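The figures here come from the full heavy-atom set of this structure, side chains too, leaving out hydrogens, waters and symmetry mates. Here is how names work: the chains are called A, B, and so on, in the same order as the sequence lines, proteins then strands, and each is numbered from 1. From a predicted model like this one, the values you see are computed outputs, not experimental measurements.
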Amino acid sequence: MPTLTLLQAINDGLKTSMREDDSVLLFGEDVGKKGGVFLVSEGIQAEFGKERCFDSPLSEDGIIGTAIGMAMNGLRPIAEIQFQDFIFPAFDQIVSEAAKLRYRSGGQYTAPMVIRTPYGGGIRGGLYHSQSGEAYFCHTPGLKVVVPSTPHDAKGLLIASIQDPDPVLFLEPKALYRAVKGEVPEGSYTVDLTSLRVVREGEGVTVFCYGAMVPVCEAAAKEAEKNGIDCHIVDLRTLYPLDEEGVIEAAKRTGRVVVVHEAPRFCGYGGEISAMIAESAIEYMEAPIRRVTGFDTPFPNTLEHHYLPDKRRVLDAVEFVHNY
Amino acid sequence: MPTLTLLQAINDGLKTSMREDDSVLLFGEDVGKKGGVFLVSEGIQAEFGKERCFDSPLSEDGIIGTAIGMAMNGLRPIAEIQFQDFIFPAFDQIVSEAAKLRYRSGGQYTAPMVIRTPYGGGIRGGLYHSQSGEAYFCHTPGLKVVVPSTPHDAKGLLIASIQDPDPVLFLEPKALYRAVKGEVPEGSYTVDLTSLRVVREGEGVTVFCYGAMVPVCEAAAKEAEKNGIDCHIVDLRTLYPLDEEGVIEAAKRTGRVVVVHEAPRFCGYGGEISAMIAESAIEYMEAPIRRVTGFDTPFPNTLEHHYLPDKRRVLDAVEFVHNY
Amino acid sequence: MSTTEPLTVIEPDGGVNGYDPGLTEDELLHCYRSMLAVRLFDELCLKLQRSGRIGFSIPNEGIEATQVGAASALRKSDWIFPSYRDFGMALYHGVSPVEMMHNMFGNAADSAKGRQMPVHFSFVEPIRFYSISSPIGTHIPQAVGAAYAAKLRGEDTVMLASFGDGGTSSLGFHSGLNFAAVWKAPVVFLCQNNGYAISCTVEEQTASDGFAIKAQAYGMPGVVVDGNDLFAVRKVVSEAVERARTGGGPTLVEAKTFRMGGHSTSDDPRSYVPAELFESWRAKDPIPRFEKYLAGAGLLTSDTRANLEKEVRAEIQDAARQAEATAKPGLETIFSDVYATLPEHLRRQGQEAFDLAARKGDAAAGGGEFPL
Amino acid sequence: MSTTEPLTVIEPDGGVNGYDPGLTEDELLHCYRSMLAVRLFDELCLKLQRSGRIGFSIPNEGIEATQVGAASALRKSDWIFPSYRDFGMALYHGVSPVEMMHNMFGNAADSAKGRQMPVHFSFVEPIRFYSISSPIGTHIPQAVGAAYAAKLRGEDTVMLASFGDGGTSSLGFHSGLNFAAVWKAPVVFLCQNNGYAISCTVEEQTASDGFAIKAQAYGMPGVVVDGNDLFAVRKVVSEAVERARTGGGPTLVEAKTFRMGGHSTSDDPRSYVPAELFESWRAKDPIPRFEKYLAGAGLLTSDTRANLEKEVRAEIQDAARQAEATAKPGLETIFSDVYATLPEHLRRQGQEAFDLAARKGDAAAGGGEFPL
Ligand SMILES: Cc1ncc(C[n+]2csc(CCOP(=O)(O)OP(=O)(O)O)c2C)c(N)n1
Ligand SMILES: Cc1ncc(C[n+]2csc(CCOP(=O)(O)OP(=O)(O)O)c2C)c(N)n1
Ligand SMILES: [Mg+2]
Ligand SMILES: [Mg+2]
C-alpha cells in the first residue's frame, strides 16, 4: 500500500471517483489550471478535461447553486469552496436548498453532491483563513458533515461522500494536509458515513475529537500515559449524522469525558456531545464533562497558538476529569 | 401603564428610539408604505419620513451590508429581515462582517446596529416561514442575540439593543405577536442585554426556555403543579452573551433540568445549556438533563403541531426528570 | 443586444399582423383553457382561503399570458424552474388541478407530502416543474447547473427559470446569469416584471431602465415583451429557447405585466398600489385580449366560452373537493425524506412522536408504532 | 452611458495632449513618490516573506497608477473602502510605512492588534482607509451604507469602493451597486481589472464585454480607463467623485491593468499566466510611464529619481526594522474588541489563557493576571 499525505489521499480519492463514474465532476475557484490553492486537485484537469474539472467565477453562491442543479440532473458534482471561511455567501444555498430539497419535494428532487473545503487553524490565516464552522452545518438536518483525520479515512470517506445520495459537507483539516502520512489502499473503497474511529483504547478518560485535533489529543494522551492516565480517544469523523450510540458507549466506558475542537465553545459541536451524554449517560459520569475548544472570539493571527487547543490544554482537561 | 401586544410593544420601542435619537433609522423589505408584512412598523414612515423608514430592494445581503456601513458612519440602523428564514443570504455579512468588524479593526470601526426578524413556528409557514435559527448566531462571537417573550421585555430589550454599541440580532417570536398582552411602560427604558427573567419560582424542576416556548412552558408548569411538581421557569431572553452564572444557579436550585426550544435539537441552543451545566454543576444533577425541541428535520407544514414542542411534551420531560 | 420597447403581437382589435403562432386550433384553445384555468383556480383558492379551508394562496390575475405563453414555448423534455406565481405553466403542460389542490390542502397525496406551504408545488410529470422554494432567487443558479448537466451529456434540454422583478435583486440572479453566460448554458431567464415585489415598486427595486438591460452585465441578449400578450411572450420565449437549444447560450426575457391582486392572500395591496394602476391594467387583461383574437379567428363564441368556463370550473371544484377529502399526511412524513435512508436518531425521534401522539389519543399515532 | 474603449492620457512619449491634472509640482512628485513607495514596499515584503520574517504579502506591481491615481481624486474627508491590493491609496494619503509594517508583522502596534493576516490594513487617520476583510466584495454594500449616512446628514463625503475583476462576481457587487443606484448614494466603484482572479481569467469570470458595461444593469454610468496611466485614472475617478459629491449618484469605473506578480506570496503565477502576457504588460509599466511625463515636464532627472528611490527605500527598511523590533500583541488582545465591553465568559476564558501560559512558563502570561 502506498504511503500518502492527507492531501495526496484526497487527490487520489477524487481521481478514483472520477475514473469510476463519468458523472462525477469537480469545480470551484482555481481548481483547474492551478490545481487549487493547496494543490489538492493537481493533475485533475489534465486527466479529465475542462468539462469535468474547471474554474468557476468568484461566487460561492453560484458554485453551490449550480452544483445543486447539476446534482438534481444526474451529475455528481464536487464543489470546492476555497476556504471554509468563504462558504458563508453560499450559506443560503446549502442550508435552505441542498439540505431541504429532498424533504420539500417529497423525494422528487435530490442533491447528491459533495462540498469540499479546507477548514481550521494552524497556518497563520487570521480571522478568515482559519475557522471551523462545523457547528453551523451540524445544526442543519438534511446535510451530512464529515471530517477525516487520516489519509486512509480521507480517501474512504471522500469516496463514500461522493457516492452518497445526500449532500455532504467534507471538511478537510488543512493543518494536516501535509502533516500526516499513512497507508492508503489503492483503488476504490469507502468508510461508512456514520461511524466513529477508535484512535486508541483506554479505560481512564474518554476524549472525543476530530480533524486536526486528533493528533493533538494523541500527543496529550501520550503525556497522560506517563502520569498513569489511560485515554480512550474517539475520532468522531462523521459529525452528522453521528453514531450517537457509539458516543454514549465510549462515554460510559470511562465515566470521564473530554471533548476537543478548534471552533469557539459557545453553541459549538462539543456542546452537543456533552448534552447527549448529560441526557443519556449522566449517571455514569464521575466528573464534569470538560470541553477544550477555541475561545469565544474571532480567530486571531499572531497569537493563534494561544487560541488553538494544544497538547497542554487537552492534558489539563484530561488530568482534571481524571483526578476529579 | 398601557396594555400592549408584543407587536405593539415593538412598534412602540421603535418609535420611542427614533424619537429619542435622530440617528436611528429602520429599513428593509416592505417596512415603509406597508408597515411590514406583520405591520410591526405601522405608522413609522408616516411619522419619520422616507429617509428614516424605507423599503429596500430584495436583497438581504444588501440590507445588512449597507446597515453595517451606516452603523460605522454614525447611524444606528435597524435592519428588518422579513422572516428569519430569509436571513441566510445575509449570513456572510452578519457572521464575517458585523460580528468581526470591531475585532479585526482593533476597535477602529464598529457596527452598532440591530437586525430585527420574526422567527419560529405556529403560523403554518412550512419550511421557510417557521425556522428558529438562534444557534447559528449564538455560535458567532461578536454578535448579541436577544429573544423577548413579553411586551415589557420586547420594548425594553429592543431599546437596549438599539443603544448597544455592538450588533444585536433581535429575534421576534412571531407566534406571540398578537397572542400575548401585557403592561408596557410609556417612554424609554431598557432591559439589560445579559440578563435572565425568572418567569416563575419553583423548587422541583428548572425549565429553561425563551421566546414562544415561554407560554408553552408556563402552561406545562401549571399542569405539573396539579401533580405536585413545582417548576422554576427561566426565560433566557438574552441568549448571547448569556448570564451563564444565572443559568448554573438556576440549575443547581433544583438539580433537575429541562431545556426547551423550537429549533432542531442537534447542535441546537439547548445543547449549550446542557453542556454548560454538565461542565459546571454536574454533581448537583439528580436526573438526566432533558431537551424538548423541534425534531432534527426541516420544518413541516400540515403537521407542524406535531413538530413544535407543546405543553404535553414539556410536561413529559418535567415529569421524567422529576421522577427520576 | 437589449431592447427597451416591449414587443407586442396581439392588437387591441385582436389582429396579429400576420404573426403565425405555429399552433393548431386545438393548441390555441388549450392555451386559452390554461389561462382560464389559472384564473378560476385562483378564484376558488381565494374563496377557500377566506373561508379558512386552506391557509394561503398566491393570486395570478393578470399574469396568465406570461405563464402560458412561456410554457407553450417548451417541450415536455425541458425543465421549468418556476417562481410561486407560475403554476399556469404546470397546468398548460398537463399537471391536473387535483394534483395542485392536494398541495393547496397539504394532504397525503400532495407530492410535497404536506411539508410546504400552499402553492409550493413540485412535479416531475408530465414535465419537470421544479420544487418551488420560498427563498427568492435560489432556483436561478440551480437551473443553470441543471442546464450544464444536460449540455455535458449532449442533450438538447432547455431550462426555463422564472422569477419576479424583485427576484433580480437576489443573489441567485447575479450568480445564475453570470455562470450561465460564462458556460453558455441552455437556459432562458424569464423576469416577470409585474410592477411590485410585495409593496416595493420597480423604482425602489432598481435604478436601471427596466430589467432586460441587466442582460448586458452578463453578456447575454436581453429582450422586453408585453407580458399580457400571449403571442408576444410565446414568440420571444420561443426564440430564446431555440437559441439555448442550439448552443447559443442564455437569454434574459423581461415580460412587462401587472399583478392585479395582492401579493398573497395575506396582503392588502390597497395600502400601496394606486387605484389608477389597477384600472389602467384592467383594460389590458390578457384573457379578453386573447379571446378577441380567438373570436376573430372563429375559434371562440360566447357559447363555447361559457361552456368551457363551466367545464373548467367544475373540474377545479371537483379537484378541491377531492383534495379536501384526502387524509392528512402520516405522522411519519415528518421524519422521512430528510435523508435517503432514515438515520438512527430520526428513528428514535419518530418513535417518540408516535408514543406521544398515542398517549394524547391522537389518531395520527395509528397503531403507535413508527412505521419506517 | 458606458464606454468600452479605455481612456488614456499619458502618451508613450510622455505627452499628455494638453491635459491639466490640476496638481502642483509637489503634488505631482508626491504621486510619483507614492507609486515608488508601493513598488519598494512590495519588494521588501517579498524578501521578508521569503526569509520567513513575515508570513504573507500581496504584490502590487503594475497596479500602482490605478491606486495612486484614484486616491489622488479624493479629499481627506472621503473614505476609502479598499481591497487587499490597494495600500498605495493609504500611502498616498499619508499613512506611514511603519504603520503598515506593524500590520505586516502583526505586532502590538498594529492597528488591527495582530489579529489579521498581513496586508489587512485598517486606518482612520489621516484618511478613513476601511479595515480590509478577506471575504471578497463584502465591503461594497458597506461603502454604500456609509455613503447613505453621509448623505442623510447632508455631508459631502464620497466613498471609494475598490475591488478586482473577480470581485464583480461577488454578492456584494450586485447588492452594493444596486442599492447605491436606487439611493443615488455618493460612491465611486473602482473595478481594478488586472486580468486574473488568482488563476481565473476574465473570460472565465464573465461573458460581458469588460466590466464597465455592468453599470448598465444598475442604471449608473460606467467608464473604462487605462489603469496604468496615472492621469487617466485620476481624471475619470475625479469626474466620478465630482458627480457623487454633487448629488449625481454612483459611477462604476473599470481600470484596465495587469497584475505583474503572483496573486500573493503563496502563489506561483507561471502555472497559469502565459509568459507573453507578462512581457507585453511590462512594456506598459505605469512607473516609467509617469517618469517620462515628469521628465518631460522637467520635474525628474535620473539623479533626483535615484535620490528619491534611496530615500523611500531607507524609510521602508527602517519601518520594517522598527516593526520587527516591536513586541507581539499582549495575550489579552485575543479577548478584547469582541464586544465594546468584556463579557463575563470572555473574562473567564482570558484568565484561563493566562493561567495556562503562566504554567507553561510562557512570557505572554506576564504576571499571570488577566489584565482586562
Ligand atoms: C430571500 C427572500 N427574501 C424575502 C422574501 C419575502 N418575499 C416573498 S415574495 C417577495 C417579493 C417578490 O417579488 P417579485 O420577485 O417581484 O415577485 P412577485 O411576487 O411580484 O411575483 C418577498 C420580499 C423571500 N421569499 N425570500
Ligand atoms: C468570498 C471569497 N471567496 C474566495 C476568496 C479567495 N480569494 C482571495 S483573492 C481571490 C481572487 C480575487 O480576484 P480579484 O477580485 O480579481 O482581485 P485581485 O486579486 O486580482 O486583485 C480569491 C478567489 C475570498 N477571499 N473571498
Ligand atoms: Mg413582482
Ligand atoms: Mg483581478
Side-chain angles (χ1 to χ4, degrees), chain A residues 60-61 85-96 99-100 103-104 126-128 133-142 239-242 257 259 263-283 285 287-291 295-300, chain B residues 60-61 85-96 99-100 103-104 126-128 133-142 239-242 257 259 263-283 285 287-291 295-298 300 324:
Chain A
E60 288 74 15
D61 178 73
D85 312 70
F86 304 138
I87 205 168
F88 301 122
F91 203 69
D92 194 36
Q93 284 288 353
I94 298 171
V95 163
S96 304
K100 297 181 172 59
Y103 197 75
R104 77 161 192 251
L127 284 86
Y128 300 112
E134 63 277 4
Y136 293 126
F137 300 97
C138 293
H139 186 53
T140 306
L239 301 191
Y240 193 55
L242 174 71
V257 171
V259 192
R265 173 174 319 180
F266 203 91
C267 274
Y269 189 81
E272 181 57 40
I273 300 299
S274 304
M276 197 175 280
I277 297 167
E279 197 145 9
S280 304
I282 200 168
E283 62 273 40
M285 290 302 107
I289 304 173
R290 281 289 287 264
R291 288 179 285 172
F295 298 117
D296 284 313
T297 75
F299 202 101
Chain B
E60 289 75 13
D61 178 73
D85 312 70
F86 304 139
I87 206 168
F88 301 123
F91 203 70
D92 194 35
Q93 284 288 353
I94 298 172
V95 163
S96 304
K100 296 181 173 61
Y103 196 76
R104 77 162 192 253
L127 284 87
Y128 300 113
E134 62 278 5
Y136 294 126
F137 300 96
C138 294
H139 185 52
T140 306
L239 301 190
Y240 192 55
L242 174 71
V257 171
V259 192
R265 173 173 320 181
F266 203 91
C267 274
Y269 189 81
E272 181 58 39
I273 301 298
S274 304
M276 199 175 280
I277 298 167
E279 199 147 5
S280 305
I282 201 167
E283 61 274 38
M285 289 302 106
I289 304 173
R290 281 289 286 266
R291 288 178 286 173
F295 298 118
D296 284 313
T297 74
Y324 194 80

If one checks every heavy atom of A/E134 against chain B at 4.5 Å, the contacting part turns out to be neither
Most contact-rich option vs chain B, by heavy-atom pairs under 4.5 angstrom, among A/P89, A/P300, A/S274, is A/P89
Bottom line for B/F266: the part with an atom under 4.5 Å from chain A's heavy atoms is both
Between A/M276 and B/R291, the two heavy atoms sitting closest are N-NH2, 3.9 Å
Checked B/Y269, B/Y324, B/Y136 vs chain A; the most non-hydrogen pairs under 4.5 Å come from B/Y136
Apply the test side-chain contact (heavy atoms from CB on, under 4.5 Å) to residues A/D92 and B/F91: give CA-CA distance (whole Å), side-chain angles for both, the deciding distance (0.1 Å), then the verdict. CA-CA 8 Å; A/D92 194 36; B/F91 203 70; over 6 Å; no
When the 4.5 angstrom heavy-atom criterion is applied to A/F86 and chain B, the contacting part is neither
Does the A/Y240 side chain pair with the main chain of B/C267, one donor and one acceptor, at a distance under 3.5 Å?
no
Distance col, row A/I282:CD1 vs B/I277:CD1, nearest 0.5 angstrom, shows 9.0 Å
If one checks every heavy atom of A/A90 against chain B at 4.5 Å, the contacting part turns out to be neither
Tightest non-hydrogen contact, residues B/D85 and A/S96, listed as O-OG, 4.4 Å
Pair count under 4.5 Å, heavy atoms only, with chain A: among B/G133, B/G142, B/G268, B/G270, highest is B/G268
The interface call for B/E283 against chain A, heavy-atom contacts under 4.5 Å, is side chain
Assert top hit (heavy-atom pairs under 4.5 Å, partner chain B, pool A/R104, A/H139, A/R265) equals A/H139
Highest number of heavy-atom pairs under 4.5 Å with chain A among B/Q93, B/R290, B/E279 belongs to B/E279
Output for pair (A/D296 CG, B/C138 SG), nearest 0.5 Å, gives 11.0 Å
Bottom line for B/A281: the part with an atom under 4.5 Å from chain A's heavy atoms is neither
